[in-house]
Amino acid sequence: MRTITDLAGDGGPRGIFDELSKREVRRAALTAVAVPGYQVPFGSREMPVARGWGSGGLQVTLALVGPGDRLKVIDQGEDGGVNASNLRRLVVGHVGCAEESDTREASLIQSRHRIPETPLRADQVLVLQVPVPEPLRAVEHDVREQRRMHAEADYSRMWVGLYEDVVRNGVVTKTAGYPCMVDGRYLISPTPIPRFDVPKLDRAEHLTLFGAGREKRIYAVPPHTVVEPLVFEDIPFEVESTPGAACRHCGSEGSYLVEVPSMDGSVAWVCSDTDFCARNREGDQ
């Protein structure tokens, strides 16, 4: 009797992710692109990283990347972080593609918690790691009810949740993973990217794929797709900012800045995106 693997044909070296698994992820990704914002289930495999540490993004990346690609992996904007370096080394060792730190030269970018400052082009793909893909979990714990709400586009409880936040605090305090409507139909959690990055998804030139390995879901924001954060008419959407703050290294005031401690005990601001910061110092933007 022929096995499923036999019917699939010779996929070459199996390694950490065989060709049959890659095809399943690609089919799920195609469905996600065809229905923007819809969470497509897929058979998430065991990976050489713990679930919750980027296994979904890793599977999407392995399914798409080829030997001719230039791969960039960042962790909260940083190329040299432990998580980013380990994932990059893992993929490069398995596929044989080239490593890349320059956002402009990368063909595929895998990221955790950030979208690069440099606008991406149509020939680039962004893969975001997703810990919790379900945006309705904060207001509804029953999975069956969550599915019904998505099917009927019934997002009233999310609106109520945001309203209660405003009543208690005067503003919407939710920052990372701010709920967004994709193409006027599906509500998504844009993974734990800061609110600063949410506008970069709206009508972007590039394809963005979201991979949640632990929850076995893939969803997508195709190029030129409308992405709108949930906002009230009288309370505009605002991104994080600190008046007067500038990067200690490059002097940028318009990038996403994070606090770092200094030797004297004070706090300084630096660009989260290390590649953008380095090129800004060199005047190469």
Side-chain angles (χ1 to χ4, degrees), residues 17 21 24-33 35-65 71-78 81 83-84 86-88 90-91 108-116 120 125-141 143 146-147 150 158 174-183 186-198 200-202 204 206-222 225 227 229-230 272:
F17 208 47
S21 300
E24 180 179 357
V25 173
R26 291 179 193 134
R27 286 193 291 267
L30 286 172
T31 303
V33 172
V35 189
Y38 175 68
Q39 297 177 43
V40 182
F42 77 105
S44 180
R45 303 298 198 267
E46 292 294 332
M47 303 300 293
V49 296
R51 292 187 184 272
W53 289 88
S55 62
L58 178 60
Q59 290 177 75
V60 174
T61 296
L62 287 171
L64 300 180
V65 72
L71 175 68
K72 176 182 174 72
V73 181
I74 55 176
D75 184 357
Q76 301 196 47
E78 185 177 358
N83 187 40
N86 288 338
L87 288 177
R88 183 168 55 249
L90 180 64
V91 175
L108 194 149
I109 302 168
Q110 179 177 329
S111 174
R112 173 177 176 264
H113 295 189
R114 280 306 315 278
I115 295 177
L120 303 184
V125 176
L126 175 65
V127 177
L128 288 172
Q129 302 171 205
V130 183
V132 181
E134 181 52 71
L136 296 174
R137 188 164 300 170
V139 295
E140 176 53 60
H141 298 295
V143 174
Q146 292 169 2
R147 293 173 180 171
H150 280 300
M158 182 61 76
K174 187 170 182 59
T175 54
Y178 194 95
C180 299
M181 287 293 294
V182 177
D183 203 26
Y186 283 102
L187 186 71
I188 69 164
S189 168
T191 189
I193 60 173
R195 288 199 299 198
F196 187 92
D197 287 344
V198 170
K200 299 176 185 177
L201 292 171
D202 184 38
H206 65 281
L207 166 65
T208 303
L209 293 170
F210 301 80
R214 181 171 50 194
E215 307 219 5
K216 306 178 182 180
R217 293 290 186 271
I218 293 174
Y219 51 105
V221 174
T225 301
V227 178
L230 295 189
S272 169

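The structure displayed is predicted, hence computed values, not measured ones.
Remark: R114 pairs with E117, D197 by the salt bridge (charged side-chain N to carboxylate O under 4.0 Å, His left out) rule, at least two apart or across chains. Remark: S55 pairs with no residue by the side-chain hydrogen bond (donor to acceptor under 3.5 Å, both in side chains) rule, at least two apart or across chains. Evaluation of the side chain to side chain contact (heavy atoms under 4.5 Å, CB included) rule for H206 yields L120, L126, A204, T208 as partners, not counting sequence neighbours. Applying the side-chain hydrogen bond (donor to acceptor under 3.5 Å, both in side chains) criterion to D75, with sequence neighbours excluded, gives R112. When the ring pair (Phe, Tyr, Trp, His ring centres under 6.0 Å) test is applied to H150, the partners found at least two apart in sequence or on another chain are Y155. Judged as a side-chain hydrogen bond (donor to acceptor under 3.5 Å, both in side chains), and not counting sequence neighbours, the contacts of R26 are E19. Residues passing the side-chain hydrogen bond (donor to acceptor under 3.5 Å, both in side chains) test with E140 are R157, sequence neighbours excluded.
Using a 4.5 Å cut-off on side-chain heavy atoms (C-beta onward), V33 and L207 make contact. Side chains of T191 and Q129 form no contact here, defined as non-hydrogen atoms less than 4.5 Å apart. Inter-residue side-chain proximity for L201 and I193 is flagged as met; some heavy-atom pair is nearer than 4.5 Å.
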I'd like to know whether N86 forms a side chain to side chain contact (heavy atoms under 4.5 Å, CB included) with V49, so could you lay out the CA-CA distance, the side-chain angles of the two residues, the decisive distance to 0.1 Å, and finally the verdict. CA-CA 10 Å; N86 288 338; V49 296; over 6 Å; no
The test is side chain to side chain contact (heavy atoms under 4.5 Å, CB included); show your working for L230 and L187 and say whether it passes. CA-CA 9 Å; L230 295 189; L187 186 71; 3.7 Å; yes
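Smallest separation of non-hydrogen atoms from L58 and M47: CD2-CE, 3.7 Å. Taking all atoms of both residues into account, the shortest heavy-atom contact from V198 to P190 is CG2-CG, 4.3 Å. When all heavy atoms are compared, the tightest approach of G54 to Q110 is O-NE2, 4.3 Å. Shown here for P194 and H113, the closest heavy-atom pair between the two residues is CD-O, 3.3 Å. The two residues T61 and L108 have their closest heavy-atom pair at CG2-CD2, 3.8 Å.
Here CD1 of I109 is found 10.5 Å from CD1 of I115. Values are rounded to the nearest 0.5 Å. Once rounded to the nearest 0.5 Å, the distance linking CD of Q146 with NE2 of H141 reads 9.0 Å. With values rounded to the nearest 0.5 angstrom, R45 atom CZ is found 12.5 Å from L62 atom CG. The distance from the SG atom of C180 to the CZ atom of R195 is 10.5 Å, given to the nearest 0.5 Å.
Residue pairs meeting the salt bridge (charged side-chain N to carboxylate O under 4.0 Å, His left out) criterion with at least one partner in residues 52-65, sequence neighbours excluded, do not occur; the list is empty.
Side-chain atoms of E24 come within 3.5 Å of backbone N or O of G43 as a donor-acceptor pair. A donor-acceptor contact shorter than 3.5 Å links the side chain of S272 to the backbone of Q76.
Around OH of Y38, the count of heavy atoms belonging to other residues, nucleotides or ligands within 6.0 Å does not exceed 12.
When each of L64, L209, V60 is tested with V25 by the rule side-chain contact (heavy atoms from CB on, under 4.5 Å), just one qualifies, namely V60.
Side-chain polar atoms of Q59 and S44 form a donor-acceptor pair below 3.5 angstrom.
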Sequence neighbours excluded and cut-off under 3.5 Å, please list the side-chain donor-acceptor pairs for residues 210-220, or say none.
residue : atom : partner : partner atom : Å
R214    : NH2  : P131    : O            : 3.1
E215    : OE1  : R137    : NH2          : 2.7
E215    : OE2  : R137    : NH1          : 2.7
E215    : OE2  : R137    : NH2          : 3.3
Y219    : OH   : S189    : O            : 2.6

